[in-house]
Novice: 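Here it is, the structure, as structure tokens.
Side chains included, hydrogens not; waters and symmetry mates left out as well; all remaining heavy atoms used.
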Amino acid sequence: MTPIRVVLNCQDLEWREMEGDDCGFHYGDGTNEAQDNDFPTVERSRLQEMLSLLGLETYQVQKLTLQDSLQISFDSMKNWAPQAPKDLPWHFLRKLQALNAEARNTTMVLDSPPEAWPTEKGGQTEEGMMYWDPAEDVAADIYSFSELPMPDTPVNPLDLLCALLLSSDTFLQQEVLLKMSLCQFALPLVLPDSENHYHTFLLWALRGVVRTWWFQPPRGLGSFLREDSVVLSRVPTFAFVRMDVSSNSKSQLLNAVLSPARRQWDCFWHRDLNLGTNPREIADGLVEISWFFPSGKEDLDVFPEPMAFLNLRGDIGSHWLQFKLLTEVSSAVFILTDNISKKEYKLLYSMRESTTKYYFILSPYRGKRNTNLRFLNRLIPVLKIDHSHVLVKVSSTDGEGFLRRIRAIMCSVARSPCRRMSVEDMAHAARKLGLRVDEDFEECQKAKDRMEKIVRKIKDVDAYKRDELRLQGDPARKAAQAEREFCQLQWASEPPEKHRAELRRRALELRVQQNGQEPTSGVQEFILGVSSPSPSERQYFLRWMEWGLARLGQPRPRQPPETLLTLRPKLGGPSDLNEPLWPEPLGVEHFLREMGQFYEAESCLVEAGRLPAGQRRFAHFPGLAVDLLLGGLPLELVDGATLSIPVRWVTGLLKELHVRLDRRSRLVVLSALGVPGTGKSTLLNTMFGLKFATGRSCSARGAFMQLLPVAEGFSQDLGCDQILVIDSGGLISGALASAGDRFELEASLATLLMGLSNVTVVSLAETKDIPPAVLHAFLRLEKMGHMPNYQFVYQNLHDLPVPSPKPRDRRQLLDPPSDLSRAATHLEKQGGGFRTLAGLTERQHVWHIPALWHGAPPMAAVSLGYSEAIFELKRCLLENIRNGLSNQNKNIQQLIDLVRRL
């Protein structure tokens, strides 16, 4: 159809909304044009337009979930650039998952104009004229074109962040803020939603952010390494706001205040960054928060103690509620402005009852100097300030001197009696002002109450493990030892039948003892929590449990190190199999381990005919655990207390998983092995967005597994429906062969994990730091004819230069005849051990990963080089899986058979 040329004189046309059906176009002379049903009756809001532009409209009812963001898809293998606005949310999530410092860059690569943007046919071609093709229904969008960013004005990153958070459920919001904190981005504290006329205080979303810093007690009793949630830490807080117009950028000033000498950190997005000058459509009213934490190094610490910094986007006159909140939670408020008019004077006069300290930062060249002075003189007695609270910053002002003055003011405020508030305290103030707090939901509060019932009874962790988690004591260790010996006898050429019968009898007696126990009150409460019919309530409960149990650990006094790296145990480890590598904190895995022991004991009795199957009480436990696994919780595969696989429990889990996944049960197993402290858990978390424990929260021993779904559209190409990722945790201590039984046990466990795997990543701290247990496992698997695709990853933990500029390199890791190769061949008692290892090095892939941190923690961000190298490793692993280099993929039933055999 030939397009009809329609000429509209926009000056004579206005849009009116009328009651009922009486609505339409009206001309200036009052003539009412006939109603046309093709025209919209209500103009879409800016928020609706932004959500539509970004392709997020469909997630306003059914929110985006964390599992949606973790799916492996075609995009997981591409370092792609967004080509249309609808690509931006997914691009941001992918970059953030990889801890990429460029995640906030919303630049698009435009191959062709997106359909949403006006073209020659649907846009303004000359003044006052539009071309309209009735067949394409362009008229319905005529008035939204002015609201949409054009190709040369991409989406402001803050608009993207707000739109994405408004479209996400609370668990994805929490993950987004956690990753942003690791990138050292400022975090949203108050999320504006002008569409529905309420704003949300993000307390729950911030609970997952934990920081470690060096704390100096007031009396100088030495430095303490302190780890705590940012939500619970009470610190001096400084707010920066803009009144009317300011020539000075709040965000740039905040970044400069937080940055040490000669190093600029862009925590807060500002106008001098790429796309920073793009107009904000929905982000005005956003309140951001960032923190400073001392590292214990005087040349890097700009403040002697932790401090919080708040930044209100937009003018305080337009966002009075947010400004009111900041005045009630801050130790001091810095107001940046060029002009103080009568309107602004009245706003500030209304704050005369506030006890907050106010400071003004003026740039008088653009303002009315005399007017400013007149209103300032009036405000000084009202706000209880003096002339020292008024600072002037112009282009000729000495920047370093000005920053020193700002920091001196903050230190002076912090030293004096001042308001110190945690984010939890701020949430109480937000509720009083009528803001919605994101964790004030019934499901969240019910889960919190259940957690508190459990945690308040824990006075001493060791005593609680002994008295409440009874099945994990001596009976569990003795039963595991008896079953381990029984399995070893199966491989003997002529196993003594009497000894086998004795081991079987001893193991059965121990299982009978366990089965005679009843779950304690704490375990029963935990089971009720994970049995909730609401998936959200289950997830809330698990998060609350993780945080509640983590709070039980007390900070330990330590001397400040050269760099704040993950604490590493000594190589060599203890020789006692029951002696942990370091004190093991109480975690959710202990409660699940207790459930597993109940199931294990009951299943053993059923197998022995000592208990009728119809009298089972714990047969539903694997189903409860699989619900958690499908929800993203890592489950224990190797029991960290007994260093054994509870075969019946793991088999029950996998069988239940097979039923749940139905036809989507083709698996690839990817494992990561290495000595604790080599960064393997951080590597997996960064690569795939997983939740394996790291740092002090890491369990002392035990291997954990987590499930990654593959998008249905990609599963045929990749050759699997799920990727099961296994983290060896603290199983491999790095002990040499002289450690005896411990080395043999570690070698067996390494053989088990690698034997289950299609792909194995060996994480190394030093070039030759290959654990002998891992080498021994290679020998055993070579004899079995099973060799997974393996990647050796050398991680630069000490911020040293990377040996090779290339992200991947082939090089010899072993020098013959090394002590490690002799240790690995010792137990095998075969002469060809070294030849096997030499062949191994010829086929290996060796990766050199740059240092994790850019700078010194806790204020360091993840380095861009680390993020990019991890992405390349991820792409290589997925390509190997797709190309069939990872050996034959398995279904779950085959995995069950492998567990039993190995």
Side-chain angles (χ1 to χ4, degrees), residues 469-492 494-519 523 527 589 591-627 629 635-660 665 702-703 705 745 748-749 752 755-756 890-902:
L469 306 176
R470 301 169 187 164
L471 270 62
Q472 297 172 54
D474 285 338
R477 282 192 288 271
K478 290 176 181 177
Q481 180 63 27
E483 290 173 353
R484 185 184 297 120
E485 291 179 22
F486 183 81
C487 289
Q488 289 171 348
L489 283 178
Q490 308 237 27
W491 297 98
E494 295 182 3
E497 191 58 38
K498 184 177 179 180
H499 188 37
R500 288 181 57 174
E502 172 61 24
L503 288 173
R504 190 184 295 112
R505 183 194 62 78
R506 192 199 317 164
L508 186 59
E509 283 183 0
L510 291 166
R511 294 304 185 189
V512 169
Q513 290 179 27
Q514 287 183 311
N515 195 61
Q517 301 279 352
E518 292 292 329
V523 175
I527 293 169
E589 67 271 13
F591 290 87
L592 288 168
R593 193 183 293 167
E594 189 80 357
M595 292 172 61
Q597 285 296 318
F598 274 111
Y599 180 86
E600 190 83 10
E602 187 179 75
S603 299
C604 183
L605 268 61
V606 171
E607 290 174 7
R610 301 281 292 270
L611 179 71
Q615 294 182 16
R616 298 194 65 161
R617 296 180 298 161
F618 310 121
H620 64 295
F621 279 6
L624 298 180
V626 166
D627 283 334
L629 180 66
L635 292 185
E636 199 171 42
L637 176 64
V638 176
D639 188 321
T642 63
L643 292 182
S644 65
I645 283 195
V647 177
R648 300 174 187 89
W649 171 243
V650 171
T651 299
L653 292 177
L654 294 176
K655 284 181 177 178
E656 183 66 28
L657 182 62
H658 184 60
V659 172
R660 299 289 184 87
S665 61
M705 58 183 177
L745 180 58
S748 299
L749 291 171
L752 169 70
L756 295 176
K890 313 171 179 69
N891 59 39
I892 293 180
Q893 188 56 52
Q894 290 171 325
L895 186 63
I896 293 172
D897 295 338
L898 260 179
V899 169
R900 287 172 172 160
R901 282 212 321 272
L902 288 168

Novice: Nearest heavy-atom pair of Leu508 and Cys604: which atoms, and what distance?
Specialist: CD1-SG, 4.0 Å

Novice: For the residue pair Glu636 and Leu592, establish whether any side-chain heavy-atom pair is separated by less than 4.5 Å.
Specialist: no

Novice: Tell me, with the steps shown, if Glu502 and Arg505 meet side chain to side chain contact (heavy atoms under 4.5 Å, CB included).
Specialist: CA-CA 5 Å; Glu502 172 61 24; Arg505 183 194 62 78; 2.5 Å; yes

Novice: With rounding to the nearest 0.5 Å, note down the distance linking CG in Leu895 to CG in Leu756.
Specialist: 5.5 Å

Novice: What's the shortest heavy-atom distance between Ala507 and Glu483, and which atoms?
Specialist: CB-CG, 4.1 Å

Novice: Does a donor on one side chain and an acceptor on the other come within less than 3.5 Å for Ser603 and Arg616?
Specialist: yes

Novice: Walk me through it: do Glu509 and Gln513 pass the test side-chain hydrogen bond (donor to acceptor under 3.5 Å, both in side chains)?
Specialist: CA-CA 6 Å; Glu509 283 183 0; Gln513 290 179 27; 5.6 Å; no

Novice: Go through the steps for Gln597 and Arg470 under the test side-chain hydrogen bond (donor to acceptor under 3.5 Å, both in side chains), then give the verdict.
Specialist: CA-CA 10 Å; Gln597 285 296 318; Arg470 301 169 187 164; over 6 Å; no

Novice: Measure the CG-CD distance between Leu471 and Gln514 for me, rounded to the nearest 0.5 Å.
Specialist: 4.5 Å

Novice: May I have the step-by-step check of side chain to side chain contact (heavy atoms under 4.5 Å, CB included) for Arg484 and Leu745, ending in yes or no?
Specialist: CA-CA 10 Å; Arg484 185 184 297 120; Leu745 180 58; 3.7 Å; yes

Novice: To the nearest 0.5 angstrom, please state how far the OG atom of Ser665 sits from the CG atom of Asn891.
Specialist: 5.5 Å

Novice: If we ignore hydrogens and angles and just use 3.5 Å, is the side chain of Glu594 paired with the main-chain N or O of Phe598 as donor and acceptor?
Specialist: no

Novice: Name the atoms and distances for all side-chain donor-acceptor pairs under 3.5 Å in residues 651-659, with sequence neighbours left out.
Specialist:
| unit_1 | atom_1 | unit_2 | atom_2 | d |
| --- | --- | --- | --- | --- |
| Thr651 | OG1 | Val647 | O | 2.7 |
| Glu656 | OE2 | Arg660 | NE | 3.0 |
| Glu656 | OE2 | Arg660 | NH2 | 3.4 |

Novice: Within this structure, what is the CZ-OG distance for the pair Arg477 and Ser644, rounded to the nearest 0.5 Å?
Specialist: 11.0 Å

Novice: Atom CD1 in Ile645, atom CD in Glu600: separation rounded to 0.5 Å?
Specialist: 10.5 Å

Novice: Output, in order, the C-alpha distance, side-chain angles, deciding distance and verdict of side chain to side chain contact (heavy atoms under 4.5 Å, CB included) for Ile527 and Phe621.
Specialist: CA-CA 9 Å; Ile527 293 169; Phe621 279 6; 3.5 Å; yes

Novice: Work out which heavy atom in Leu637 is nearest to a heavy atom in Pro646; give both atom names and the distance.
Specialist: O-CD, 3.8 Å

Novice: Show me the side-chain donor-acceptor pairs of residues 607-615 shorter than 3.5 Å, one per line, residues at least two apart or across chains.
Specialist:
| unit_1 | atom_1 | unit_2 | atom_2 | d |
| --- | --- | --- | --- | --- |
| Glu607 | OE1 | Arg648 | NE | 3.2 |
| Glu607 | OE2 | Arg648 | NE | 3.3 |

Novice: Shortest non-hydrogen contact from Asn515 to Arg617?
Specialist: O-NH2, 3.9 Å

Novice: Quick check: closest heavy atoms across Glu485 and Leu503, and the distance to 0.1 Å?
Specialist: OE1-CD2, 3.3 Å

Novice: Contact between Trp649 and Asp639 at the side-chain level, heavy atoms closer than 4.5 Å - yes or no?
Specialist: no

Novice: Compare every heavy atom of Phe618 with every heavy atom of Tyr599, then report the nearest pair and how far apart it is.
Specialist: CD1-O, 3.3 Å

